[in-house]
Amino acid sequence: MNSFPLLRHVHKLHLAVLAGFAGCWLLRMAVPAWTAAAVQKAGLTTSTVPFEVGERFTYNVSWKVFDAGIATMTLAEKTFLQSEETYRINATVYSTGIVSALFKVVDVFESFFQARDLCSRRITKKIQEGRRHRETVVTFDARARQARMEDRDLNRPDLPPKRTESPLPSCVQDVISALYFIRTKNLRVGELVQFPINDGGRTYDVTVEIQAQEEVRTPAGTFQAFRLEPKVFDGLFKSKGRLFVWVTTDAARMPVQLKAKINIGTITAALTQADRIPVPAHQRPPSKL
């Protein structure tokens with residue numbers, strides 16, 4: 001069976017992000033987020049978020065009955081960017097098995113978003129897909145209300161990067177940080193959450209529908225989870241399809257599964273492992289005497 005149609009969709013769907021958003025998964029902030037019933041206020045503090053430095057999720061990405069790749073998402077550290085305390089997220093997706101032999105994919109994403117209000121400040125994407133090798137950096141300048149994108153063809157280091165600017169609300173999400181914002185919400189079946197998201201060009205208002213609470217079986221275990229549908233196709237993603245994300249109903253709001261239903265079939269990212277990486281020494285809590 002020809003695997004190339006799937007591989008052409010890897011970049012378009014940002015599987016590492018979708019495994020997390022939801023980002024695509026997949027996927028805001030100091031401005032209000034609206035539900036169908038009422039306005040949910042922002043103004044989050046670090047004591048209220050359901051995640052912490054060191055958290056890492058690993059997913060198996062499959063297409064129909066074929067294993068296609070592995071995706072990971074790691075909350076690596078707290079650091080300072082633009083004079084603000086931010087979280088740094090690393091997300092990766094790489095092809096495996098016969099898919100990798102036919103068309104190698106190694107994509108690396110890095111997102112920085114505010115620790116206080118969860119507004120995105122920068123996302124970097126290093127894309128290696130077959131012969132395509134690019135690096136894109138999008139910086140979100142809240143004061144200037146501008147998104148600045150710089151795109152480089154790493155196969156042609158002699159060429160200058162392409163630079164563009166676009167208008168921006170005071171607070172937006174990128175395709176990685178959006179998931180972390182969703183995880184902070186008090187989710188209720190039947191409600192909607194809306195927020196702006198930017199991937200380097202136009203800003204889109206994304207609606208996430210909380211559709212159901214159901215049991216989800218993954219290689220990492222069986223979970224009670226909310227099924228969410230972010231409305232990202234025909235907008236943020238130009239192709240047609242539907243995206244579903246499952247996050248646990250407990251306080252951790254772990255993203256345990258994602259499914260993208262597109263014209264070539266269903267792509268699934270299922271959680272295989274949730275663990276912790278070593279926390280940088282300067283960010284560890286003091287030892288008790």
Side-chain angles (χ1 to χ4, degrees), residues 13-15 17-45 47-52 55 57 59 62 71 73 75 113 117-118 171-197 204-237 240-262 266-272 274:
L13 294 177
H14 296 311
L15 288 182
V17 178
L18 297 178
F21 172 26
C24 64
W25 320 133
L26 309 216
L27 299 72
R28 155 209 130 173
M29 24 258 222
V31 298
W34 292 269
T35 69
V39 173
Q40 298 184 22
K41 299 295 183 181
L44 299 168
T45 63
S47 63
T48 65
V49 298
F51 44 80
E52 59 183 342
E55 170 190 271
F57 300 118
Y59 303 85
S62 60
M73 189 164 53
L75 202 170
F113 61 91
D117 295 321
L118 308 187
C171 187
V172 298
Q173 290 305 300
D174 61 57
V175 291
I176 298 289
S177 67
L179 169 66
Y180 291 84
F181 171 74
I182 289 294
R183 291 175 62 191
T184 68
K185 304 305 289 181
N186 185 17
L187 303 177
R188 298 184 182 91
V189 174
E191 294 189 345
L192 307 176
V193 178
Q194 292 180 325
F195 56 87
I197 188 169
Y204 291 90
D205 288 325
V206 171
T207 298
V208 179
E209 181 183 0
I210 300 96
Q211 295 181 334
Q213 180 178 331
E214 54 196 20
E215 185 176 271
V216 177
R217 295 183 179 182
T218 74
T222 300
F223 304 91
Q224 289 296 316
F226 290 111
R227 184 182 74 229
L228 315 178
E229 183 177 4
K231 309 292 185 177
V232 292
F233 288 95
D234 287 330
L236 183 64
F237 303 140
K240 295 185 180 297
R242 298 182 72 182
L243 173 65
F244 300 92
V245 181
W246 285 261
V247 298
T248 57
T249 59
D250 61 13
R253 291 288 194 264
M254 291 194 304
V256 294
Q257 183 172 262
L258 160 140
K259 288 189 178 182
K261 296 184 176 181
I262 53 180
T266 298
I267 300 173
T268 301
L271 184 70
T272 59

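Quick caveat, the model's predicted, so the values are computed rather than measured.
In terms of heavy atoms, Trp246 sits closest to Ala225 at CB-CB, 4.0 Å. Closest approach of Val247 to Pro255, counting heavy atoms only: CG1-CA, 3.9 Å. Across Asp174 and Ile176, no two heavy atoms sit closer than the pair OD1-N, 2.7 Å. Residues Met73 and Leu179 share a closest heavy-atom pair of CE-CD2, 3.2 Å.
Separation of atoms CZ (Phe226) and CD1 (Ile210) is listed at 8.0 Å; rounding is to 0.5 Å. Distance check: Leu228 CG to Glu209 CD gives 9.5 Å after rounding to the nearest 0.5 Å. The CG atom of Asp117 lies 10.5 Å from the CZ atom of Phe181; values are rounded to the nearest 0.5 Å. The distance from the CZ atom of Phe51 to the CZ atom of Arg183 is 6.5 Å, given to the nearest 0.5 Å. Atom NZ of residue Lys185 and atom CZ of residue Arg253 lie 11.0 Å apart, to the nearest 0.5 angstrom. The CG atom of Leu192 sits 6.5 Å away from the OG1 atom of Thr207 when rounded to the nearest 0.5 Å.
In this structure, Glu52 contributes its side chain and Leu75 its backbone to no donor-acceptor pair below 3.5 Å.
Judged as a side chain to side chain contact (heavy atoms under 4.5 Å, CB included), and not counting sequence neighbours, the contacts of Gln224 are Gln213, Glu215, Thr249. Applying the side chain to side chain contact (heavy atoms under 4.5 Å, CB included) criterion to Asp205, with sequence neighbours excluded, gives Pro196. Partners of Thr248 according to the side chain to side chain donor-acceptor pair (under 3.5 Å) rule, which considers only residues two or more places apart in sequence or in another chain, are Asp250.
In this structure, Val206 and Gln173 have side chains that are not in contact, with every pair of non-hydrogen atoms separated by 4.5 Å or more. For the pair Phe57 and Val256, the minimum side-chain heavy-atom distance is 4.5 Å or more.
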